[in-house]
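In what follows, chains are A, B, ... by sequence order, proteins preceding strands, each numbered from 1.
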Protein chains: 2
Amino acid sequence: MLTNTEENYIKAIYHLSVDNKTVRTNAISEVMNTTAASVSDMLKKLSDKSYIHYEKYQGVSLTKKGKTEALQVVRKHRLWEVFLVEKLRFNWDEVHEIAEQLEHIQSKLLIERLDDFLGNPTSDPHGDPIPNAKGEMPVLRQVLLSELDVNGKAKVIGMKEHSPAFLQYLDKLGISIGSAVKVMDRVLFDASVELKVNDKKTMVVSHEVAKNILVSPID
Amino acid sequence: MLTNTEENYIKAIYHLSVDNKTVRTNAISEVMNTTAASVSDMLKKLSDKSYIHYEKYQGVSLTKKGKTEALQVVRKHRLWEVFLVEKLRFNWDEVHEIAEQLEHIQSKLLIERLDDFLGNPTSDPHGDPIPNAKGEMPVLRQVLLSELDVNGKAKVIGMKEHSPAFLQYLDKLGISIGSAVKVMDRVLFDASVELKVNDKKTMVVSHEVAKNILVSPID
DNA sequence: AAATAAGTTTAGACTTATCTTAATTTGCAA
DNA sequence: TTGCAAATTAAGATAAGTCTAAACTTATTT
Ligand SMILES: [Mn+2]
Ligand SMILES: [Mn+2]
Ligand SMILES: [Mn+2]
Ligand SMILES: [Mn+2]
């Protein structure tokens, strides 16, 4: 089986594989908080066990086997986060560290029973999708921020408009992919949206802006 | 903090400390499935960290600190077992291995929330008492086997009669302290009890026998 | 008291997993 | 084509846990 550290490396590679580009050693060393040399060691090991495709100096990508493994770890992490929030009444910002431990518990049966117990959730408390037992990601419901109900929470998953002016404006507001947003209010007059971003900053954006932000609702 | 292995050693010492006698190296090596030499190494380490009282060649006992630590691990183990059986619908004979992993998860808050979520149970699915957050063992409810309801499950915690004849008879039946018993039926005519022991053997014992066996009901 | 057996400890070393520093090599962009 | 950033290797350190073999202690017999 995989050690906890191996699982963490594979998970890191998975998360760094946003587009289908190869993942670089330095990128991994950064998220794993270690040196490039250590990463090279581990890449060799993971390659020998055929969890990754590895060509020296060219970065890595997960094999089918590696991706399956990564998705299982992600699945466990997110299911445990749901458990902690839904059943044990943790806040969504308190659960990550504990889930980092729980995700390594080995028992297929346990995780299937947990999944059922939680009602087979499709996303975790942060709005991230939960892969099913086969490692398939659910298709995310996606709506425009302008369509979200008042008090609705969601996670920003993309922008419809890509002009620098728009993106720079979002930057200034502190809104980016992955941001958690909550609609605090909607102005009747012009459909401007009062938002809370990442549970911190409150701001108002115009309807024009809101209808260019794609979000995935969090139940 | 303690490593998982250190926690397991301390727990083993705790379980071996039935009376207040000292625990011998060989006894530990047996339950830990390792050699006496390895145990000696570890005892030195645990002694240096003052989890145990250790005099060479004289066996060990837990210090106050060590006992507290042991009870926390036992508490976690048993609470997780309750969770697995009560919430995830595992059978009581399927939960031990998983609890062996879960008992090492580090988070005070988690275990307190879990305890509340489970309704602050005082015994685990095997009838073993669950220490509270302070490490105090609950006083077990205890009744005579003769008083247990039909379909009631319990754990044997002692005998009232201590004659060799009685104890040898119990031996032959396979009933000892720690045995799980379930009352399958009670004969109206003479109050004989039909029992299932350790989820396996079914047998009939007289009322005279049943009223000399102390048990602790499992809810 | 010596001898013996049983139990325990020490010495020394091994394994596995992971990390580090300090070269060295490679790929690629200017 | 050269210079540099990125990546790899070499060599070794550390930590945790384990083992075998030899030495030692304690208890029990002669
Ligand atoms: Mn998380
Ligand atoms: Mn999450
Ligand atoms: Mn158990
Ligand atoms: Mn138990």
Side-chain angles (χ1 to χ4, degrees), chain A residues 1-13 16-19 21-63 66 69-70 73 100-101 103-106, chain B residues 1-14 16-19 21-62 66 69-70 73 100-101 103-106:
Chain A
M1 285 298 88
L2 291 163
T3 65
N4 286 8
T5 306
E6 287 171 334
E7 286 191 345
N8 287 335
Y9 267 95
I10 286 178
K11 189 174 54 139
I13 294 167
L16 288 168
S17 308
V18 270
D19 30 18
K21 266 206 312 226
T22 221
V23 178
R24 309 314 306 256
T25 302
N26 274 348
I28 300 171
S29 75
E30 198 164 319
V31 311
M32 293 296 293
N33 248 296
T34 179
T35 60
S38 302
V39 175
S40 281
D41 280 356
M42 182 57 89
L43 293 184
K44 174 134 195 5
K45 199 168 144 200
L46 292 176
S47 174
D48 288 348
K49 297 189 182 181
S50 62
Y51 288 104
I52 57 175
H53 297 296
Y54 183 32
E55 281 192 81
K56 283 193 233 177
Y57 299 102
Q58 301 306 312
V60 296
S61 60
L62 293 171
T63 59
E69 207 56 53
V73 178
E100 284 294 312
Q101 296 182 60
E103 73 187 5
H104 301 295
I105 301 288
Q106 304 289 355
Chain B
M1 285 298 89
L2 291 163
T3 64
N4 286 8
T5 307
E6 286 171 333
E7 287 192 345
N8 286 335
Y9 268 95
I10 286 178
K11 190 174 52 139
I13 294 167
Y14 173 79
L16 288 168
S17 307
V18 272
D19 30 18
K21 267 206 311 222
T22 222
V23 177
R24 309 314 305 258
T25 301
N26 272 350
I28 300 171
S29 75
E30 197 164 319
V31 310
M32 293 297 292
N33 247 297
T34 178
T35 60
S38 302
V39 174
S40 280
D41 284 353
M42 181 56 89
L43 292 183
K44 173 130 193 10
K45 198 168 143 198
L46 292 176
S47 174
D48 288 348
K49 297 189 180 180
S50 63
Y51 288 104
I52 58 174
H53 297 296
Y54 182 33
E55 280 191 84
K56 283 193 233 175
Y57 298 101
Q58 302 306 312
V60 297
S61 60
L62 293 171
E69 207 58 52
V73 178
E100 284 293 312
Q101 297 182 60
E103 73 188 5
H104 301 294
I105 300 288
Q106 303 289 358

Exercise. With respect to the side chain of A:K45, which nucleotide from C:dT8, C:dT18, D:dT18 is positioned closest?
Worked result: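 The nucleotide sitting nearest to the side chain is C:dT18.
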For this session: State whether B:Y9 places a side-chain N or O below 4.0 Å from either non-bridging phosphate oxygen (OP1 or OP2) of D:dA16.
Result: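 Checking D:dA16 against B:Y9, no side-chain N or O comes under 4.0 Å of OP1 or OP2.
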Exercise. OP1 or OP2 of D:dA6 less than 4.0 angstrom from a side-chain nitrogen or oxygen of A:R24, does that happen here?
Worked result: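 False: A:R24 side-chain N/O out of range (4.0 Å or more) of D:dA6 OP1/OP2.
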Problem set entry | Nearest-angstrom distance from the residue atom CG of B:N26 to C1' of D:dT26 |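 Distance, rounded to whole Å: 13 Å.
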For this session: Tell me what A:T34 touches on the nucleic acid: a base, only sugar-phosphate, or nothing, going by heavy atoms under 4.0 Å.
Result: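 Since only primed, P, OP1 and OP2 atoms lie under 4.0 Å of A:T34, the category is sugar-phosphate.
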Problem set entry | From C:dT20, D:dA7, D:dG17, nucleotide with atom closest to B:T5 side chain |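 The answer is D:dG17.
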Problem set entry | Nearest-angstrom distance from the residue atom CG of B:L46 to C1' of D:dA16 |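 So the two atoms are 13 Å apart, to the nearest Å.
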Exercise. D:dG17, C:dT18, D:dT20: which one has an atom nearest the side-chain heavy atoms of B:A37?
Worked result: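 Shortest atom-to-atom distance from the side chain points to D:dT20.
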Problem set entry | Derivation of the salt bridge (charged side-chain N to carboxylate O under 4.0 Å, His left out) call for B:K44 and B:D48 | CA-CA 6 Å; B:K44 173 130 193 10; B:D48 288 348; 3.2 Å; yes
Exercise. Judged by atom type as modelled, is there a donor-acceptor pair below 3.5 Å linking the side chain of B:T25 to the main-chain atoms of B:A36?
Worked result: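 Looks like no, no N/O pair under 3.5 Å.
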Exercise. Any idea which of D:dG17, C:dT20, C:dT9 is nearest the B:L43 side chain?
Worked result: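 Selected nucleotide (nearest to the side chain): C:dT9.
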Exercise. Separation of B:K56 atom NZ from D:dA23 atom P, in whole Å?
Worked result: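 In whole Å, D:dA23 P lies 17 Å from B:K56 NZ.
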Exercise. How would you label the contact of A:K44 with the nucleic acid (heavy atoms, under 4.0 Å): base, sugar-phosphate, or nothing?
Worked result: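 Contact class for A:K44: none.
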Problem set entry | Rounded interatomic separation in angstrom, taking CG from A:L2 and P from C:dT18 |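 So the two atoms are 10 Å apart, to the nearest Å.
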For this session: Could you check which of D:dA7, D:dT18, D:dG17 has an atom nearest any side-chain atom of B:T3?
Result: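 From the listed options, D:dG17 comes nearest.
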Exercise. Using a cut-off of 4.0 Å on non-hydrogen atoms, how would the nucleic acid contact of A:T25 be classed: base, sugar-phosphate, or nothing?
Worked result: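 Sugar-phosphate, no base atom in range.
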For this session: Round to the nearest Å and state the distance from A:D41 atom CG to D:dA7 atom P.
Result: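 So the CG-P distance, A:D41 to D:dA7, works out to 15 Å.
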Problem set entry | Main-chain N/O of B:V39 paired with B:S29 side-chain donor or acceptor, under 3.5 Å |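 No; zero donor-acceptor contacts below 3.5 Å.
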For this session: Answer yes or no: does atom CD of A:Q106 have more than 12 heavy-atom neighbours from other residues, nucleotides or ligands under 6.0 Å?
Result: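 Atom CD in A:Q106 is packed in, count exceeds 12.
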Exercise. Applying the side-chain contact (heavy atoms from CB on, under 4.5 Å) test to B:Y9, which of B:L2, B:T34, B:I52, B:V60 qualifies?
Worked result: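 Going through B:L2, B:T34, B:I52, B:V60 one by one, the side-chain contact (heavy atoms from CB on, under 4.5 Å) with B:Y9 is satisfied by B:T34 alone.
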For this session: Give the rounded distance in Å between these two atoms: CE of A:M32 and P of D:dA7.
Result: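 Value for this atom pair: 16 Å.
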Exercise. Is A:S38 touching bases, backbone alone, or none of the nucleic acid, heavy atoms closer than 4.0 Å?
Worked result: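 Since a base atom lies under 4.0 Å of A:S38, the category is base.
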For this session: Indicate, with a heavy-atom threshold strictly under 4.0 Å, whether A:T35 touches base, sugar-phosphate, or nothing.
Result: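 Answer is base: heavy atoms of A:T35 come under 4.0 Å of a base.
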For this session: Calculate the interatomic distance between B:M42 atom CE and D:dC19 atom P; express it in whole Å.
Result: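 It works out to 12 Å between those atoms.
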Problem set entry | From CA spacing to verdict: salt bridge (charged side-chain N to carboxylate O under 4.0 Å, His left out), A:E100, A:K11 | CA-CA 11 Å; A:E100 284 294 312; A:K11 189 174 54 139; 3.0 Å; yes
Exercise. Within the pair A:Y54 and D:dT8, is there a side-chain N or O less than 4.0 Å away from OP1 or OP2?
Worked result: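 Affirmative; the distance criterion is met.
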For this session: Using atom OH of A:Y57 as one end and atom P of C:dT25 as the other, report the distance to the nearest whole Å.
Result: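 In whole Å, C:dT25 P and A:Y57 OH are 9 Å from each other.
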